[in-house]
Structures are given as structure tokens and as C-alpha cells.
Amino acid sequence: MNDTPDRKYLVPEKPTLDNIEAHWIANWDQIGINAFDRGATRENIFSIDTPPPSVSGSLHMGQVFSYTHTDAVARFWRMRGKSVFYPMGWDDNGLPTERRVQNYFGVSCDPSMSFNPSFAPPFNGDVPKGHRSVAISRPNFIQLCEQLTQQDEKVFEYLFRRLGLSVDWSLLYTTIGDRARQTSQQAFLNNLARGEAYSQEAPTLWDVDFRTAVAQAELEDRERPGAYHSIAFARSDGIGDVLIETTRPELIASCVALVAHPDDARYVPLFGRTVRTPLFDVEVPVHAHELAQIDKGTGIAMVCTFGDLTDVIWWRELNLPTRVIVGRDGRILAESPEAITTPRAKETFAQLAGKTVKQAQTTIVELLRTSGELHGEPRPTTHPVKFYERGERPLEIVSSRQWYIRNGGRDPALRDSFLQRGTELAWHPEFMEHRYDNWVEGLIGDWLISRQRFFGIPIPLWYRLDANNEPDYDNPLKPSLDQLPVDPSSDVPTGFDESQRGIAGGFAGDLDIMDTWATSSLTPQIAGRWIDDHELFARVFPMDVRPQAHEIIRTWLFSTIVRSHYEHSSAPWKNAAISGWILDPDRKKMSKSKGNTVTPFELFEKYGSDAVRYWATSARPGVDTAFSEEQMKVGRKLATKLLNVSKFVLGVEVVDSRVTPSEPIDVAMLQRLAQVVTESTVAFENFDYARVLERTEAFFWWFCDDYVELVKTRAYDTTAQSASAVIALYRALNTLQRLFAPLLPFVTEEVWSWWQPESIHLGPWPTSDGILDDVVSHDDGEQLLFTVSEVLSHIRRSKTEGKTSQRTAVEYLKISGTANQLNFINSCMDDLRNAGGLSKIELVTHDQDAITVEIRLAPNSR
RNA sequence: GGGCGCUUAGCUCAGUUGGUUAGAGCAUCUCUUUUACAAGGAGAGGGUCGGGGGUUCGAAUCCCUCAGCGCCCACCA
């Protein structure tokens with residue numbers, strides 16, 4: 001191996017970490033070290049399904065953290081000689097972008113309007129207060145979304161480069177761009193053709209503020225105050241009342257039944273009979289159902305359409321009628337359900353009409369109190385309520401027509417096949433697989449993919465309108481694949497023209513868009529150019545790894561498996577590398593809302609990118625980790641040390657570069673290093689960048705503190721023993737720089753450039769053979785190093801305890817140890833003598849395990 | 001209620017199949033300008049490895065059990 005290339009080294013007088021990032025980023029771009037070589041064969045490609053960050057906010061520490069992990073692994077494989085497929089994507093599709101665009105330009109989207117090619121936004125980021133937003137067509141709105149996200153994307157790209165991500169930027173994609181739209185629509189049409197996608201009119205979780213349907217995966221529970229209300233339903237047979245408890249008395253008008261458990265003796269006599277709803281005088285049946293809980297409330301529950309998901313189950317399984325009273329804006333409808341017939345009831349309903357759910361509750365409680373049907377006062381409680389994760393008011397359940405993709409939530413056999421796909425992945429760390437299984441096993445319905453929003457990928461369908469202007473949902477009009485991407489709100493289906501839009505006998509475009517996950521679930525296909533570059537796709541898919549955070553296993557990871565299963569009958573990747581979260585130093589999940597959070601850019605400036613990467617890669621894979629500037633300081637110290645020790649080694653003159661390391665301590669050091677290389681290689685292959693750092697770093701500090709100190713004097717000499725040390729030093733330096741390269745790409749490239757012609761990042765990755773192939777190894781190298789370090793440590797301790805400089809000479813040293821130990825000492829006696837400043841030395845054999853040392857320091861020269 | 005993870009020094013964490021006296025960094029204290037590095041270096045103090053029980057020649061490590069913390073899911077009358 002070429003440890004010591006024959007050239008003048010360019011070691012700076014005063015090595016520094018300042019501004020090395022800008023210099024090397026420019027250099028790497030110029031020589032193209034990150035470029036994916038698509039000519040490589042599949043076995044020589046390492047492909048990464050990079051998470052596309054949402055660009056609507058700013059880069060946060062969690063992203064710095066997890067993207068660094070992936071980059072370290074990517075750099076490792078690149079050094080191993082693989083062609084690394086490392087794309088970046090911008091997730092600019094979806095609600096966060098919509099909200100920014102509305103506020104930034106002062107516009108709102110009306111998908112029923114048609115495209116205006118000469119539209120210009122009324123404002124550019126300076127929307128005055130009180131401005132009424134201008135309604136524009138969906139294509140115009142999307143143009144503005146693209147315009148704004150492009151600005152944000154520039155900032156993100158700069159920060160990712162500054163962090164040192166070795167992304168091939170020519171592979172960039174966006175989740176709203178043409179390729180993503182085409183991919184997403186084509187995959188949807190394939191799902192539709194194979195029966196994996198279907199539309200259905202059904203109860204749907206609905207956000208009343210965003211006015212869109214929401215999927216199970218986007219729900220979260222929040223503890224909210226509420227109150228139990230005891231309400232009397234009159235028995236139709238006149239024998240008294242039935243008391244129910246509810247937290248939602250405002251829904252009495254939508255009550256369609258009462259249910260109790262079949263074994264509940266209190267209510268058995270009521271099953272099959274009816275009761276009358278208070279205030280609204282509607283006769284509703286009493287049913288038995290297993291899901292009713294005997295010990296909850298009074299044991300008998302009011303079924304409304306719809307108060308919660310259990311209501312939906314009862315409604316479906318008991319074939320109950322539908323009485324909708326809550327509108328899609330979260331207010332009580334103007335029209336009462338048909339079942340409400342008496343004048344008193346109609347008048348009561350009129351008092352609720354138009355009110356929000358909350359206002360309606362206040363009113364109805366007052367009415368019940370007056371009528372005497374409220375028993376006692378409401379008893380306050382707190383209970384979990386379902387929210388859309390981005391929403392601010394509880395979800396309602398409305399009946400609406402939506403598109404679904406089958407995900408096994410209603411089909412045990414299909415569910416099993418998704419569980420099986422999960423087992424085909426290697427999970428890092430392994431226990432993360434439980435989260436996946438847990439989620440798939442808990443699915444209660446198919447995946448709802450349609451959203452009543454604007455900035456997203458349209459459902460690529462139109463519907464014929466019959467003579468009554470009613471859409472024919474069962475026979476949608478589909479675009480051909482070469483028409484994709486389409487926007488049904490402005491494009492026209494084949495065989496029709498624009499004048500027929502919305503009129504009887506004509507057509508209507510589906511105005512819904514797909515859920516953001518419906519597109520993100522296709523990132524391997526989008527990045528790998530499934531639709532337009534089959535040769536490339538075959539080379540990168542299934543991808544080697546999906547790196548991602550654990551909270552989106554249920555969304556992104558699962559949905560990607562679903563799409564891949566349908567489209568390719570395989571898992572989408574071989575490995576799933578799950579990263580942890582960043583926690584505040586107080587160990588709470590780090591929140592963006594905290595005012596004085598440091599930005600990544602400030603940290604890059606303050607400590608250097610390598611130091612920030614050091615912090616990120618010192619966390620074990622998958623473990624939630626506290627944000628720590630202290631760790632970054634340590635990382636900077638390490639980088640500085642690497643500069644200095646490189647300067648030292650490269651300052652030693654190489655007399656003959658063909659020499660083989662032969663001195664026992666030099667060989668033992670190289671053997672220890674070879675062990676580190678072996679362990680690091682295995683660790684990287686298992687995505688355990690943290691172990692690589694730990695092992696390499698531990699060796700590195702020992703190397704600097706003990707080995708270099710021991711051999712320093714000998715290395716300056718010109719004897720045969722000297723040559724052994726010099727070669728060992730160079731070989732170790734060469735190896736250490738490469739071991740650190742995936743973790744600390746900037747400083748390693750800097751020190752490598754002082755003496756090597758090519759970029760360190762093009763490899764090769766070190767091997768244990770490369771270190772030892774010309775060396776005669778010894779089995780007891782570790783014991784030798786251990787023994788020598790111990791003696792050295794004794795000498796140092798004595799000097800410290802004697803409160804004197806480490807340079808102080810030792811007049812007399814007596815070492816007692818086993819014959820073996822004394823042999824080790826003897827084999828590097830000169831190094832020890834030089835490092836310790838020793839003169840008279842006596843070696844005494846004893847048969848205890850521990851070495852003992854007696855020292856007499858020279859009188860202090862001062 | 002189900003599942004998963006965690007609990008080791010003041011703090012943040014390693015400790016890979018059970019094996020010398022349980023480690024590192026930070027923090028604290030002491031010494032030290034040394035010619036790669038003072039934005040250095042050398043050392044010291046500090047832990048009954050969450051509690052209890054078991055297996056074993058031997059347990060931070062394996063088993064049982066209890067407790068605390070965190071997360072995911074479920075429950076929502």
C-alpha cells in the first residue's frame with residue numbers, strides 16, 4: 001500500500017478548521033464526487049430512499065441529526081466502491097404550503113374556477129391586514145405554490161450542502177412536480193384498474209376548519225374537558241324513563257338508537273322496543289350489541305350519526321338509519337332530519353340550526369334542564385377526543401364520497417401480506433418492527449386518500465353527468481397514461497370539450513386531491529424514475545435503505561410498502577433505518593415553538609459542520625437524543641486534534657517508504673488498528689455509524705496520547721528501528737483519516753489533501769489486510785500495549801503526584817512484573833525511556849499479576 | 001387495557017455471544033507552557049449498575065417479579 005506517496009506535503013504552518021466547508025463543497029462539486037454512476041451494475045449500487053423534507057418551514061435540528069446518519073452510511077458505501085444513489089426530494093405538496101401561499105400572496109383557491117394564464121398575485125409577502133383573499137383557479141394556485149417553495153428550497157439546499165450531505169443534486173425531485181404527479185396518478189390508475197382503489201359514500205372523519213376528510217393515520221388524541229350529561233329517554237310503553245349518559249347532548253337530534261350489552265339484565269326487557277328521544281320526540285329502537293359496556297355510564301348508550309367511531313360500527317352492523325345534523329363547516333344544519341316531525345321538535349331544532357357544535361350544546365343543555373329531562377347537573381370530566389394532527393377543533397364524522405386504497409384494514413388476508421412484507425425488511429434497530437406490526441394489526445379501515453384541498457395531486461378522474469346533472473361515480477372517465485399528469489379541474493376528458501363541463505349530459509372533474517402520503521408513498525418510484533426510465537429503476541429498486549423517523553412508520557413507511565406490494569410484488573427496500581428524535585436538554589421533545597432555539601446555520605458557523613455531525617453520529621441508531629452543544633465542542637476538539645496529529649506525522653521524514661513495520665510495539669499498534677477497521681466495517685454495514693465513531697475515536701485518542709508519545713523520539717531518528725515507527729505512523733494516519741471520513745468529511749478531506757492527490761471520499765475504505773498484509777503479527781500484541789501503557793501511566797502519575805512537569809527526568813525506575821510482562825517492557829525499552837525521561841532502570845521478576853513500579857524522580861531543576 | 005423502549009458516576013451515555021479491579025466524555029479538583037496541539041497535555045476524586053428474588057464457579061449482562069420514566073396503539077356513551 002502507498003502509505004507515503006513521494007511528493008512534497010502541503011501542511012499549513014497553522015492548520016485551521018475555519019472556512020474549510022466552503023472550500024471543499026466547491027471542490028467536491030467541481031470533481032463530482034457525489035455523482036451517481038448509472039452505468040454500475042445492481043450489486044455495485046447502494047440506493048437510498050431519502051426522506052423528502054417539507055420545505056414550508058426551516059431546517060430543524062431533528063433533520064440535521066437524522067440526515068447526517070444517512071450521509072455517513074452513504075459515504076461509507078461510496079468509499080467501499082459502490083455507486084451511491086442518493087437523491088434529495090422536496091416535499092412541497094400539501095397543506096403547510098397551501099397555508100403559506102394563502103398568507104403570502106393574499107389568495108385562496110377555488111377549484112371550480114378555470115385557469116387564468118395572465119394572472120398575477122395581488123401581493124408578494126406584504127399582504128395588508130384586512131385584505132380579502134382573491135379566489136383563483138387551482139392551476140393558478142399551484143403555480144404560486146411552486147413559486148414560493150422554490151425560494152425555500154434554495155435555502156434548504158444550501159444548509160444541506162453546508163452540513164456536508166453527499167447528495168447527488170442532479171437527482172432532485174419534488175412531490176408536486178410533473179414527474180411526481182405523473183407517477184402518483186399512474187399508480188392510482190393502476191390501483192383502480194386492479195381493484196385496489198375504490199370510492200365509496202361512507203362516514204368519514206372530517207376536519208371542520210380545513211374542510212377535508214382525514215385518514216386514520218393522521219389522527220391524534222387530545223385530552224379535552226367535557227361533561228357527562230344524564231338524559232332521560234321516555235319508554236314508549238309508558239313505564240318510566242331510560243337514563244343514558246353522554247358527553248355530546250347536542251347530538252340528540254341525530255340519535256338513531258340506544259344500545260346495551262346483550263347480557264345486561266337491566267336492559268334485556270327493552271331490546272326490540274322503542275324509546276322516545278327527549279325534545280325531538282323521535283321513536284328510536286333499543287338494540288343489543290357486544291360493544292356496549294355494562295360498566296360505562298348507565299350501561300346503555302345513545303347511538304348518533306355520528307358521534308364517534310363506535311357509533312359508525314353500530315350504525316353499520318345494526319343497519320340503523322342516518323340522521324345527519326352537523327354540516328361540513330361544523331355547524332348544525334338548517335334542515336332538521338326527516339324523522340323530526342312534531343312542531344315542538346321542529347321548533348327546538350330551529351333554535352340549534354346554524355350554531356357551532358359547542359354553542360348547540362349550551363342551548364340544548366338549557367332546553368333539557370327546562371324540560372326536566374336532564375337529570376342532575378352535568379358532571380365535568382376530561383376525556384380523549386380525536387383531532388386531525390394539524391387541526392384545532394375536534395373531528396366530526398360526516399357522510400361523504402371518498403377514495404380509498406385497500407390496506408388490509410378490512411381484509412385479514414391482505415393485512416397478513418403487509419405484515420409479511422414487514423418481516424422482509426431488516427429493521428435498524430430491530431425493535432422498531434414492533435411499531436409496524438402494532439399499527440398494521442390495529443387498522444380499522446381502508447386508507448382514505450382523497451382530500452378536499454387544493455395544493456396536491458389531483459385524483460385523475462372525471463364523471464359523466466346524467467340528465468339530472470348527477471355524476472356517475474361507478475364509471476369514472478380515465479385519462480390515458482400519455483395524458484398524465486392531468487388536472488380534472490381544468491383538463492377535459494377525451495371525447496368532451498370544455499363547454500360540457502358541469503352541465504347535464506356533460507362531465508364533471510373530480511375536484512379532490514390525493515393525500516400527501518399517497519404521493520410520498522411512491523418516493524422510490526419517483527426518485528428512481530419508474531415511469532420514464534425503466535433501466536434506471538431496475539438498477540436502484542428495491543432500494544437498499546429507507547431512512548426515516550419512527551413517528552411516521554404508520555404513515556410513510558407503511559404506505560410505501562402498500563404501494564410497492566401492489567405495483568412490484570415486493571418490499572420497497574432491504575433495510576429500514578429508523579432514527580430517533582431530538583430532545584431538548586431537559587429531555588422533552590424539542591419544539592419549534594420555543595423562541596430561542598438555535599438554528600443549524602448558527603451551529604455550523606460556531607462549531608463547524610464536522611462538529612455538528614459529530615454530535616449527530618455519537619447517538620446510537622434509533623435512540624432519542626438530547627440536543628447538546630457540549631457534544632459539538634467535543635467534536636470540534638476532535639477535528640482540531642486530527643489537524644494537529646496529521647501535521648505532526650507528516651512532519652516526520654520518510655527515509656525509505658518500502659520498509660515494513662517490524663518493532664513489536666509498532667506491529668501491535670497496527671494490529672489494534674486493524675481490529676478497529678474490522679469492527680467499524682461490520683458496524684457500518686449494519687447502519688451503526690455510532691459504533692464506528694466510538695471505536696475509531698477511542699483508538700484515535702490512545703494513538704495520540706500514548707503511541708505517538710512513545711515513538712516520537714525514535715521516529716525522528718534514522719535507524720532501522722526508526723523506519724519501522726515512521727511507516728507505522730504513516731500507515732495509522734492514513735487509516736484513521738479514512739475511518740473518520742464518512743463521519744467528519746470536511747476535516748478528513750482537509751488533512752488528506754495535505755499529502756494525497758485524490759479525494760478521500762472516493763476511497764478506498766481501509767481494510768485490515770491493507771494494514772497487516774506485509775507485517776508479521778504477534779498474538780500477544782494487546783497485552784504488550786496494555787503493559788506498556790500501564791507502566792507509562794505509572795510514570796506519569798508519579799510526576800503528577802510529585803507536582804512536577806511531565807518532562808522531569810526519572811533517576812531510577814524499578815519495574816516488577818511477570819517474565820512475560822518484563823519481556824514486553826524490554827521490547828520497547830527505548831521508547832519508554834524516551835517518553836518517560838528515564839535513566840537507570842531495574843527489572844525484577846515476580847509472580848503476581850499486577851505490575852508494580854518504584855520511581856525516584858530527579859531533583860527539580862528549578 | 002395491549003405493545004415497545006429506557007433506568008449504569010453530578011450530567012449525557014458506552015458496556016456486542018455472562019468472564020480480570022464496571023468504562024468514556026462533560027462537569028469538579030490538582031499538576032503542567034512541552035519542540036503536532038494551552039481552543040493543549042498529564043492525573044485525581046466520584047458508581048452497592050432502579051428494588052427484590054432466581055440460574056451459574058461467576059450476573060450490569062440471562063430468567064422471574066415489582067417500581068418509575070418515555071413512546072406507539074386501543075378505549076372515547
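Chain identifiers are assigned alphabetically (A, B, ...) following the order of the sequence lines, protein sequences preceding nucleic acid strands; residue numbering begins at 1 within each chain.
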Using ring centroids (six-membered ring only for Trp), state whether Tyr436(A) and Trp427(A) fall under 6.0 Å. yes
When both hydrogen-bonding distances must be under 3.5 Å and the geometry is Watson-Crick or G-U wobble, what is [N] paired with, if anything?
| N | answer |
| --- | --- |
| U55(B) | none |
| C4(B) | G70(B) |
| A60(B) | none |

Indicate, with a heavy-atom threshold strictly under 4.0 Å, whether [X] touches base, sugar-phosphate, or nothing.
| X | answer |
| --- | --- |
| Ser793(A) | sugar-phosphate |
| Glu223(A) | nothing |
| Glu630(A) | sugar-phosphate |
| Glu697(A) | nothing |

Below 4.0 Å: OP1/OP2 of [N] and any side-chain N or O of [X]:
| X | N | result |
| --- | --- | --- |
| Arg695(A) | U16(B) | no |
| Arg620(A) | C13(B) | no |
| Gln806(A) | U30(B) | no |

Whether each nucleotide of nucleotides 35-40 of chain B has a protein heavy atom under 4.0 Å at its base (B), only at its sugar-phosphate (S) or at neither (-) is summarised, 5' to 3', as BBB-BS
Regarding Arg636(A) and Asp18(A), does a basic nitrogen lie under 4.0 Å from an acidic carboxylate oxygen? yes
Is any side-chain N or O of Asp624(A) under 3.5 Å from a base N or O of C6(B), one able to act as donor and the other as acceptor? no
